[in-house]
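In what follows, a single structure is set out as structure tokens and then discussed.
Just so it is clear: chains get the letters A, B, ... in the order the sequence lines come, proteins before strands, and each one is counted from 1.
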There are 2 protein chains.
Amino acid sequence: MTEAPAQERGARSRDAILDTATDLMSRHGYAATSISMISAACGLPVSSIYWHFGSKKGIYVAVLERARTTLLAALPPSEVPGADVAQRLDTFLMEVGDAFQRHPRGVKLLLGLGMMGQDASAAAVAEVRQYRDALVDWARDSVSSVFALRDRPEAADELARFTLRMVSGTAVARWFEADTVLDTGPLRVALLALAAHHGVPTRGVPGEDAPTSVVTARE
Amino acid sequence: MTEAPAQERGARSRDAILDTATDLMSRHGYAATSISMISAACGLPVSSIYWHFGSKKGIYVAVLERARTTLLAALPPSEVPGADVAQRLDTFLMEVGDAFQRHPRGVKLLLGLGMMGQDASAAAVAEVRQYRDALVDWARDSVSSVFALRDRPEAADELARFTLRMVSGTAVARWFEADTVLDTGPLRVALLALAAHHGVPTRGVPGEDAPTSVVTARE
DNA sequence: GTCTATACAAGGATAGAC
DNA sequence: GTCTATCCTTGTATAGAC
């Protein structure tokens with residue numbers, strides 16, 4: 001059946017290299033991953049790798065770029081569906097926790113690879129920033145949708161940052177214990193409290209919890 | 001003033017090497033830091049470094065060990081002083097934010113160096129674990145003291161984990177923007193809400209007494 | 001304890017046949 | 001596009017004089 005047009009073989013190899021590099025680099029970091037390691041792991045000779053990517057930094061940039069587009073494509077729309085805050089929040093948290101499980105390399109790539117230091121080429125730095133900015137934007141849009149914060153940009157910003165930092169921190173924890181999951185329960189409580197603290201109406205959301213005073217102070 | 005007993009010179013050199021290695025490794029990571037870089041930066045020849053530490057892993061272990069003891073010595077007692085929860089919480093958060101400012105390498109060392117992968121010697125792994133466990137213990141004891149959770153170990157554990165993850169996540173954020181500080185304000189709101197959610201009495205802590213905080217380091 | 005010099009392996013990268 | 005073979009640099013580590 002119609003063998004590969006010889007052009008497809010190239011694309012296939014490119015992907016294989018990228019897969020291997022992503023795996024190795026997200027595990028060991030950029031510096032600790034050598035071209036020969038990649039070559040040995042994916043079966044293709046060193047020169048093929050250079051033919052496709054030109055340099056080690058080239059591989060790095062390509063890996064990051066693909067990771068970014070993949071993750072962004074997998075992220076749910078930042079327009080979170082749901083009738084009320086509680087519903088949307090639960091949906092959002094479920095999605096975040098899910099993405100955290102499915103894309104264990106997201107943060108690790110940013111960190112492990114971001115560790116290039118001064119060696120970082122402009123292209124690499126640009127990729128890292130773009131990756132991170134895309135995540136920030138998505139998070140802000142999402143919480144903005146969840147809590148209806150279109151007219152409260154600072155509040156949306158704070159909630160988004162808070163969420164992302166918790167996710168990053170949990171990713172760090174996963175460094176040490178592989179089966180760590182994102183604790184969406186506490187995060188839910190925290191986000192609701194933060195929203196309330198900002199005077200955002202959450203209309204009796206807490207539900208089963210917090211019979212006591214939940215912070216309703218304002219600034 | 002007669003010269004150092006020749007033995008002190010050694011100790012001094014050892015410290016200098018350790019300082020340099022700590023700086024370089026926390027910035028570039030373990031793999032990306034070479035012995036020659038350290039040698040060039042601290043002025044001592046490569047062989048002196050090997051004389052003192054035996055191997056690159058040896059330097060790593062020594063760096064981590066010193067970082068751990070230094071940080072632990074700098075951490076305030078986990079018995080947080082204060083008449084009520086509000087006072088103790090503010091004290092605790094101020095201390096954490098302060099430590100975050102003063103010891104920017106804490107987490108970065110754990111991460112950047114922890115990235116050794118399979119190369120990690122047993123000694124190195126042990127050091128990393130010990131470092132991290134010490135932090136966890138301190139955090140748990142502290143929040144336990146703040147919220148009087150001696151008889152609620154699970155609650156203390158959750159609050160401690162939450163706090164540490166936020167700190168780690170903020171450390172990650174600092175990766176990208178150097179002047180990032182720990183947002184103790186939102187963290188305060190979150191911890192109070194979590195405590196309340198666990199049914200822990202916080203005796204009218206919330207808003208009125210504390211101006212929305214901004215607890216940051218001085219100096 | 002410190003220095004110079006050096007052994008030896010591994011890493012990044014390229015040449016050129018196929 | 002892929003392979004073999006190779007160049008050159010850098011890195012870890014050691015030897016031995018002082």
Quiz item: Counting N and O atoms only, with roles assigned by atom type, does the side chain of B:Trp138 sit under 3.5 Å from a partner on the main chain of B:Pro76, one being a donor and the other an acceptor?
Solution: yes
Exercise. Provide, to the nearest angstrom, the distance between the CE atom belonging to A:Met37 and the P atom belonging to C:dG11.
Key: 8 Å
Quiz item: Salt bridge or not for B:Glu177 and A:Arg132, using N-O below 4.0 Å?
Solution: yes
Quiz item: Please give, in whole Å, the distance from C:dT2 C1' to B:Leu44 CG?
Solution: 8 Å
Practice problem: Starting from P on C:dT2, measure out to CD1 on B:Ile38 and report it in whole angstrom. | Solution: 15 Å
Quiz item: D:dT10 C1' sits how many Å from B:His28 NE2, rounded?
Solution: 16 Å
Quiz item: Does B:Lys56 count as lying over the ring of B:Tyr30, i.e. NZ or CZ under 6.0 Å from the six-ring centre, within 45 degrees of the axis?
Solution: yes
Exercise. Provide, to the nearest angstrom, the distance between the CZ atom belonging to B:Phe53 and the P atom belonging to D:dG11.
Key: 19 Å
Practice problem: Could you check how far CD1 of A:Ile59 sits from P of C:dA13, rounded to whole Å? | Solution: 8 Å
Practice problem: Using atom types as modelled and distance alone, determine if a side-chain donor or acceptor of B:Ser39 lies under 3.5 Å from a backbone N or O of B:Ile35. | Solution: no
Quiz item: Do we get A:Arg188 above A:Phe92's six-membered ring, with its NZ or CZ under 6.0 Å from the centre and within 45° of the axis?
Solution: no
Practice problem: Could you run through nucleotides 12-18 of chain D and give me one letter per nucleotide, 5' to 3': B if any protein heavy atom sits under 4.0 Å from the base, S if only the sugar-phosphate is that close, - if neither? | Solution: SBBB---
Quiz item: Can you tell me how far C1' of D:dG1 sits from CH2 of A:Trp51, to the nearest Å?
Solution: 6 Å
Self-check item: Length of the line joining A:Arg12:CZ and D:dT2:C1', which is rounded to integer Å
Solution: 16 Å
Quiz item: Is the cationic atom of B:Arg174 (NZ for Lys, CZ for Arg) positioned less than 6.0 Å from the six-membered ring centroid of B:Phe100 and within 45 degrees of its normal?
Solution: yes
